[in-house]
Every structure is written in structure tokens, then in C-alpha cells.
K.L.:
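Submitted below is the structure of interest, expressed as C-alpha cells.
So that the names make sense, note that chain A is the first sequence line, chain B the second, and so on, each numbered from 1.
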Amino acid sequence: MSRILITSALPYVNGIKHLGNLVGSMLPADVFARYQRLRRGAANVLFICATDEHGTPAELAALDEGLPIAEYAAKYHDIQKRIGEGFGLSFDHFGRSSSPQNRETTQELARALWKGGHLEVRTTRQVYSNADKRFLPDRYVIGTCPHCGYDRARGDQCENCTRVLDPVDLIEPRSALSGSPDIEIRDTSHLFLKQSAFSDLLRAWIESKKGVWSHVVTSIALKWLDEGLRDRGITRDLEWGVPVPDDIADGQLKGKVFYVWFDAPIEYIGATREWADARGEPDAWERWWKLPEADDVRYVEFMGKDNVPFHTVGFPVTIMGANRTANRQWKLVDEIKGFNWLNYYGGKFSTSQKRGVFMDQALEILPADYWRWYLVANAPESADSSFTWEHFAATVNKDLADVLGNFVNRVLKFATAKFGGAIPDGGAAGPAEHDLAARLDKLIGQYTLHLEEMQFRKAAQELRAIWVAANEYVAVAAPWTAFKSDPAAAAASIRTAINLIRLIAVLSSPIVPHTSAALLQALGAEDLADWPTGPAEAELARLAPGHPFAVPPVMFAKLAPDAVEAFEKRFGGDF
RNA sequence: GGCAGCGUAGCUCAGCGGUAGAGCAGGGGAAUCAUAAUCCCUUGGUCGGCGGUUCAAAUCCGUCCGCUGCUACCA
């Protein structure tokens, strides 16, 4: 069995992520990882994520909280890790881009690029704030826009007239941090990655993925190539980050660190090394990242569309460039699954404006599976999609409470009342059961295919169709009627229905894992959680007569209209 | 300004060259095991506007309108 490596875009360490971040990478990656573990065995799947901890915004956020950056990063790493666990994100390892392993890997790749002549030192002019004692990225310089007169224009772009700017264009420029006008332009040298040399190679690679990768991914990547790749600065004048080693450029860049976008994707590898070290097999990571051992690895990356340029240009150039001089080649990504935005009432989720729903708040309100189901079923796969509380409540109430939850409840309650707490014996499968099995064969096939193709929205639709088929079956078999005239027939259909619950629990597990676990536990079927590969007929006979079961408490409560109203008020959705 | 994406039933979306689809909401019926939960049937659209290509266009091309995003030292 071939192996599969799955990475989710790294959440930035700067605070707590919102549902848009979750649905754009971590959640679908988790669904895929859970599915793949069931298909090919957990040992053949590696699911990696980490916090992205370097960069100016993190340093500033730390200043804001009055914490040293290292402590700040550690704090928010722990918080994000805990919240991720709350959502059931089943990372094999959730690492940190500030780890020693990532430092080592980043420096190793940079050295290889330097040796191969893919890096060069260039002098650039950068704004320096004397008051803040630091270089300022363009967007942290503010002033009056020379075009429209807006007095809070940023150095990279005016938010008012949307024109692209240079910090020197600004009238009365000042630091966005302290507001101090005591700023100056200083020369500073940096390493540049000569990515323009890889244009043709990248283009051929991306073209070959057209129609295979999501539309957003190839179109964004080609857009960048069409505009012409520019060489990119990969170091910064910061203290927190991976230091540039002295053996690059004869130590000319002493004291500087790599740009966060250089070391962040490398942390996919770094985190794999963290994982290997943690399990006491320090070389185990190479089987996933170094050829030829990793020849049988299919590597899939999940990310939001904002991340696409870095994963289709920057990171691949790093890998391709390093591979020119490496003895053993590094693994390049096979598939990129990109997502659009999840909007909040038609606008963007916004951390700064406190607009939208954040992961910690979501878990305070409702259990993870409510969110997982809604988000996967409405994932912004082909276009932006939008979250509203009304839509969320309607989806959860109908799909989870009415269709799935009520199915389980009606079957198990009836079964207990008429046959006691064990699967009844007697009767035989008839036309209704054969019909059900035939429908399931088709539905499961489609569902599995969609999961395999990472079409999450369609997969959710298909899974829901399976839940509906279950209700249809019970309606046709009508054991409550049969029980009066032909108890054996009723017993046979209840036996089938309980087996159907087990099958549904397994099929639903990638998307709603907590619910799935609760169902399997109620049925005492934790060991019967393998993905169905044979005929449904056999799947519906796994639990034999006499097998005991329990009736779990109601699985999904409905959201009442006044609750929806309260959420809108609390989260600013009432427009 | 440039570039990209989107605009399909009341809502959320699928379809992307061959007589308009799903779920929800709305309407009618059945059933009464169940969280008044389910099941069946059903009303809704000249597929943003205008031109063009084609035997045939939501589907390809052009143009206009509207919305959104990106524009690379924020990630």
C-alpha cells in the first residue's frame, strides 16, 4: 500500500484562528487524513501541521501583550494546539516553526541554495524607525496618500483608493507602531532567492497539473508566472526567527533571520522531524521527504487561496533549487488542494474588527461535530461561500438533528422497547433489505470516490444521502406495523437498521468523528470500524443476533430561533 | 489602474456544448417507531444585461453592469 503525506497550511501564531481559517485548510485536511487512515491504515498516513511563529506581526502582537516573543509564541502555540484537539483535528504532529528541527532544516536548505548559486546578496532600502528601534515592513509605515489624501494610508497600499504605494510616496510618513515621524531610509543587505530562473520549470509543472488541481490553485499560480517572477528577499532584519548561518555569504548577514515565508513551508519537513524525534526514531522523517525512500509517498497540501503563491512558487523553488546540489532529492508536492474564502454575512471574517466566529468561541457554543458538519458541507471549494447563523442553524437542525440524530434515536428506542437491549433474532432479509443494500452500494461508492478526490462538499452531500436512505428504509420496512402481525419480519428489519447505524457511524467518522465514536460505543462496535469495501449486504450483517446495545442520549440538540438571534447579536452578524 | 474569480429557483450551491438540477424554505399527502423528528409528491428560474460563434450555449468568444479578492519585504 502506498503512503500519503498530508499537510495543512500552518496557522499563524498571532492569536486565535476563526472558522474561515479552519475550513480553508485544517478541517478538510483532517477529514481527508481520517478517511485515508481507514482506507490504507494509520501507519501509511502522516498528517502534519504546526504553528507559524516568526515574522513581524507576531513580534508586534507579543509587544502588545507585554510578553517576550518566545513566551508569546509558546503561549499561542499551546492555545491553538488545545483548540485544534477540541475540534478533533487528528494531526500526527502539531509542531512549531521555531523548533530546533526547523532551524536545522531551513539552514540546510538555504545552504544548498547558496552552494548552487540560487541565492545572492542584494542591498535594499528599508524604512527604519528610530523610536521603535526596528525596520518597518512597508505596511507598518502610514501617512497621507498622495493620490486621494487619505491620512491613514499604508506604505504598501492605500486602503481608501486601493492604489499601490511605496513608503516614500507617503506624505508625512510615520511609524504605524508608535506613531513617531522619526523614521529614515536605511540601506540593508538581504539574501534574494533567484526564483525568476525557475519560471519555465514552474510553468511546465503547473501546466501539467491543470485540471487536476483545484481551479483556484492553477489559475493563481499561472497568474504569478504570467506577470513574471521576481526574485524574492528571503531574509529580514528581525531577531526572532531562523538565523542566517555564518557560512552563507561569508557571514555578511550576521544577525539577520530568514523571512517567515521562507521557513514556514519548510516547517512541514521540520515538524515531520519533530514527530520522528518524539517517537524516538530520529531518521523516520526521511522516509516521507527524501527520495528514493519517499517514492511511494503521495504528498497533498491543503491551504486557503492566499497561501497558493507561496506553495506554487516560493516553496517549490526552494525544493527544486536545493535538489540541484542534493545527493538525495527532496519530495515535491503532488497535489495542492486550495480553498476560497468563507465569508461572514457576505463580508470577510476579520480578526482586527472582531467580525465572525473564532475557534474558541465556537467550541464554547456547540460541540465540534456541529461545526465540522456545517463547514465541510459548505466548504468554499469552487468559490467563496458565506456563513450566516440562519443557514448554520437550518443545516445543523435538519441534517444532524432531524435526519441523522433522529434516525438513530427512533431505531434504538423502538428496538429497546420491543426487543430489549440486544439485537433480535428471527426473520430474513426481504425486498426492502435487498433494495437498501443496492442503494448503499451505489451511494457508498460515490461517497468514497468524492473523498478520494477531495471533493468535500460533494462527499458531505453523498453522506447525507446515505442518512436519508436509512430513514427511507425504515419508512418502507415499517417495523412498528410489522411487529403487530409478523414480529419476525420486524426483528429482521430492526437487525438491519441497527447494523445500518454501525455502517453509518463508520462512514460518518471522517466528518463527525465524535458522533461516530459515540455511536460505535453505544453499539459495542468499536472494533468494527473498518471502511466498507465489499457489498453492503455483508456490512449489514456484521452485528449478530444477541449482540447488546445501548440507547445513547439525544445526539444533537436543535438551535432555537432565539438562540440564533442571540448569536447574531453577540457576533455582530445582525446587519 | 492592472490582473483574477464570481453573478443559475426565496436562500445556500451543483452543472460548464445537446430539451434547466440538489438541499433548505413554500404547498399537498402518507405514516405515527422517533428530538412534532420521518417518508412520498409538488409550486418556483427566459441560468446578471447586450451582441457574436455553432445545427445546438448557463456552458465558448466579445462587451457592459454588479460583487469579491490579489497586486509579491502582513501572513
Side-chain angles (χ1 to χ4, degrees), chain A residues 9-14 52 54-58 60 124 126-127 135-140 147 154-157 161-164 167 188 190 192 195 215-216 219-220 222-224 226-227 229-238 259-261 264 304-310 313-314 340-341 343 346-348 377-378 380-388 390-392 394-395 397-403 405-415 417-418 455 457-458 460-461 464-465 468 470-481 483 490 494 497 553-558:
Chain A
L10 309 187
Y12 197 58
V13 77
N14 174 18
D52 176 13
H54 298 137
T56 307
L60 299 180
T124 61
Q126 191 72 38
V127 176
F135 281 94
L136 297 176
D138 292 354
R139 67 163 35 201
Y140 288 99
H147 301 108
R154 295 189 322 228
D156 58 341
Q157 182 170 23
C161 67
T162 75
R163 259 186 260 233
V164 178
T188 177
H190 284 296
F192 276 72
Q195 51 186 20
H215 181 64
V216 258
S219 80
I220 290 173
L222 289 173
K223 189 200 100 182
W224 274 58
D226 288 344
E227 288 179 0
L229 286 188
R230 290 178 235 161
D231 298 336
R232 184 162 200 141
I234 58 159
T235 54
R236 291 293 181 274
D237 289 293
L238 295 171
Y259 173 40
V260 57
W261 260 116
K305 61 184 172 185
D306 53 327
N307 270 296
V308 168
F310 305 99
V313 177
N340 291 280
W341 302 124
N343 290 319
K348 278 178 89 172
N378 295 287
E381 273 180 304
S382 56
D384 293 353
S385 69
S386 70
F387 176 96
T388 66
E390 293 83 352
H391 191 220
F392 173 69
T395 303
N397 289 349
K398 189 69 186 174
D399 297 351
L400 294 181
D402 294 349
V403 178
N406 183 58
F407 169 71
V408 171
N409 195 245
R410 69 195 293 204
V411 167
L412 295 183
K413 276 211 171 142
F414 181 83
K418 304 299 183 190
Q455 296 292 329
R457 230 177 154 117
K458 289 182 180 171
Q461 264 181 34
R464 186 187 188 284
V468 169
N471 277 302
E472 286 172 18
Y473 165 69
V474 172
V476 170
W480 48 88
T481 305
F483 188 77
I494 284 302
V554 165
M555 324 210 62
F556 300 102
K558 290 212 213 186

K.L.:
Select base, sugar-phosphate, or nothing to describe what A/W224 touches, counting heavy atoms under 4.0 Å on all strands.
P.N.:
base

K.L.:
Where is the tightest heavy-atom contact between A/P137 and A/T56, given as atom of each residue plus distance?
P.N.:
CG-OG1, 3.5 Å

K.L.:
A/F135 near the nucleic acid: base, sugar-phosphate alone, or nothing, with a heavy-atom cut-off under 4.0 Å?
P.N.:
nothing

K.L.:
A/V554 near the nucleic acid: base, sugar-phosphate alone, or nothing, with a heavy-atom cut-off under 4.0 Å?
P.N.:
base

K.L.:
Please state whether the base of B/A34 and the side chain of A/N409 form at least one donor-acceptor pair under 3.5 Å?
P.N.:
no

K.L.:
Measure from the side chain of A/S386, starting at C-beta and using heavy atoms only, and say which of B/U12, B/U68, B/A72 lies closest.
P.N.:
B/U12

K.L.:
Using the test side chain to side chain donor-acceptor pair (under 3.5 Å), find all partners of A/N378 that sit at least two apart in sequence or belong to another chain.
P.N.:
none

K.L.:
Nearest to the A/P137 side chain among B/U38, B/C73, B/U35, which nucleotide is it?
P.N.:
B/C73

K.L.:
Between the protein and nucleotides 21-23 of chain B, list every N/O to N/O distance that falls short of 3.5 Å.
P.N.:
from, atom 1, to, atom 2, distance (Å)
B/G23, O3', A/R464, NH2, 3.4

K.L.:
Expressed in whole Å, how much space separates the P atoms belonging to B/U19 and B/A37?
P.N.:
39 Å

K.L.:
If you check the A/Y12 side chain, which of B/A75, B/C70, B/U35 turns out closest?
P.N.:
B/A75

K.L.:
In whole angstrom, give the distance that lies between atom CG of A/L238 and atom P of B/C74.
P.N.:
11 Å

K.L.:
In terms of side-chain heavy atoms of A/N471, which of B/U35, B/A75, B/U38 is nearest?
P.N.:
B/U38

K.L.:
Using atom P in both nucleotides, what's the gap between B/A75 and B/C6 to the nearest angstrom?
P.N.:
29 Å

K.L.:
Nearest of B/C33, B/G15, B/C74 to any side-chain atom of A/K458?
P.N.:
B/G15

K.L.:
If I take atom CD in residue A/Q157 and atom P in nucleotide B/G1, what distance separates them, rounded to the nearest angstrom?
P.N.:
13 Å

K.L.:
Would you name the heavy atoms of A/D231 and A/Q195 that are closest together and state the gap between them?
P.N.:
OD1-N, 3.3 Å

K.L.:
Find the distance A/D156:CG to B/A72:P and express it as a whole number of Å.
P.N.:
7 Å

K.L.:
Start at the 5' end of RNA chain B and walk down; is the nucleotide closest to A/R236 or to A/A401 reached first?
P.N.:
A/A401

K.L.:
Taking CG from A/N343 and P from B/G69, how many angstroms apart are they, rounded to a whole number?
P.N.:
8 Å

K.L.:
Can you tell me which nucleotide in B/A37, B/C40, B/A4 comes closest to the side chain of A/E472?
P.N.:
B/C40

K.L.:
Take atom CZ of A/F414 and atom P of B/U32, then tell me their distance rounded to the nearest Å.
P.N.:
11 Å

K.L.:
Side chains of A/Q126 and A/D138: closer than 4.5 Å at any heavy-atom pair?
P.N.:
yes

K.L.:
How should the glycosidic conformation of B/A58 be described, syn or anti, under the criterion that syn lies within 90° of 0?
P.N.:
syn

K.L.:
Could you tell me whether A/G233 contacts a base, only the sugar-phosphate backbone, or nothing, with contacts defined as non-hydrogen atoms closer than 4.0 Å?
P.N.:
nothing

K.L.:
Among all residues two or more places apart in sequence or in another chain, which pass the ring-ring contact (aromatic ring centres under 6.0 Å, His included) test with A/F556?
P.N.:
A/Y370

K.L.:
Remember a base hit wins even if backbone is also touched, and classify A/N340 as base, sugar-phosphate or nothing at under 4.0 Å, heavy atoms.
P.N.:
nothing

K.L.:
Looking at every strand, decide which applies to A/V468 at a 4.0 Å heavy-atom threshold: base, sugar-phosphate, or nothing.
P.N.:
sugar-phosphate

K.L.:
So which one's nearest nucleotide on RNA chain B is more toward 5', A/S219 or A/D402?
P.N.:
A/S219

K.L.:
Between A/D402 and A/K558, is there a side-chain heavy-atom distance shorter than 4.5 Å?
P.N.:
yes

K.L.:
Please tell me which of the listed nucleotides, B/U35, B/A75, B/A37, lies nearest to the side chain of A/D306?
P.N.:
B/A75

K.L.:
With hydrogens left out and only the distance checked, is there a donor-acceptor pair under 3.5 Å joining A/R230's side chain and the base of B/A72?
P.N.:
yes

K.L.:
What nucleic acid atoms does A/S385 come within less than 4.0 Å of, heavy atoms only: base, sugar-phosphate, or nothing?
P.N.:
sugar-phosphate

K.L.:
Measure up the A/F414 and A/W480 rings against each other and bin them: parallel (under 30°), tilted (30 to 60°), perpendicular (over 60°).
P.N.:
perpendicular

K.L.:
What's the separation between atom CZ in A/R230 and atom CH2 in A/W224, rounded to the nearest 0.5 Å?
P.N.:
8.0 Å

K.L.:
Show me the protein contacts with nucleotides 8-10 of chain B, counting only N or O atoms at under 3.5 Å.
P.N.:
none

K.L.:
Between A/Y259 and B/A75, is there a contact of a side-chain N or O with OP1 or OP2 at under 4.0 Å?
P.N.:
yes

K.L.:
Need one value for A/Q126: base, sugar-phosphate or nothing, where a base atom within 4.0 Å counts as base even if backbone is also close, heavy atoms only.
P.N.:
base

K.L.:
Where is the tightest heavy-atom contact between A/N471 and A/R410, given as atom of each residue plus distance?
P.N.:
OD1-NH1, 2.9 Å

K.L.:
Taking only N and O in the side chain of A/K558, is any of them less than 4.0 Å away from OP1 or OP2 of B/A37?
P.N.:
yes

K.L.:
Compare the aromatic ring of A/W480 with the six-membered base ring of B/C33 and state whether they stack according to the 5.5 Å and 30° rule.
P.N.:
yes

K.L.:
Side-chain N or O of A/K413 less than 4.0 angstrom from OP1 or OP2 on B/A37?
P.N.:
no

K.L.:
What's the base orientation of B/G5: syn (chi within 90° of 0) or anti?
P.N.:
anti

K.L.:
Heavy atoms, side chains only, cut-off 4.5 Å: are A/W341 and A/D306 in contact?
P.N.:
yes

K.L.:
Does a side-chain heavy-atom distance below 4.5 Å link A/Y140 with A/P57?
P.N.:
yes

K.L.:
Looking at residues at least two apart in the chain, or sitting in another chain, which of them share a side chain to side chain donor-acceptor pair (under 3.5 Å) with A/H54?
P.N.:
A/D263

K.L.:
For the residue pair A/N340 and A/A383, what are the closest heavy atoms and their distance?
P.N.:
ND2-N, 3.3 Å

K.L.:
Show me, range against range, the stems involving RNA chain B, built from at least 3 consecutive Watson-Crick or G-U pairs below 3.5 Å.
P.N.:
B:1-7 with B:65-71, B:10-13 with B:21-24, B:26-30 with B:38-42, B:48-52 with B:60-64

K.L.:
At under 4.0 Å between heavy atoms, what does A/P309 touch on the DNA or RNA strands: base, sugar-phosphate, or nothing?
P.N.:
nothing

K.L.:
Quick check: closest heavy atoms across A/Y12 and A/D52, and the distance to 0.1 Å?
P.N.:
CD1-O, 3.2 Å

K.L.:
Across the strands shown, which category fits A/F483 at heavy-atom distances under 4.0 angstrom: base, sugar-phosphate, nothing?
P.N.:
nothing

K.L.:
Which distance, rounded to the nearest 0.5 Å, do you find between the CD of A/Q461 and the NZ of A/K458?
P.N.:
8.5 Å

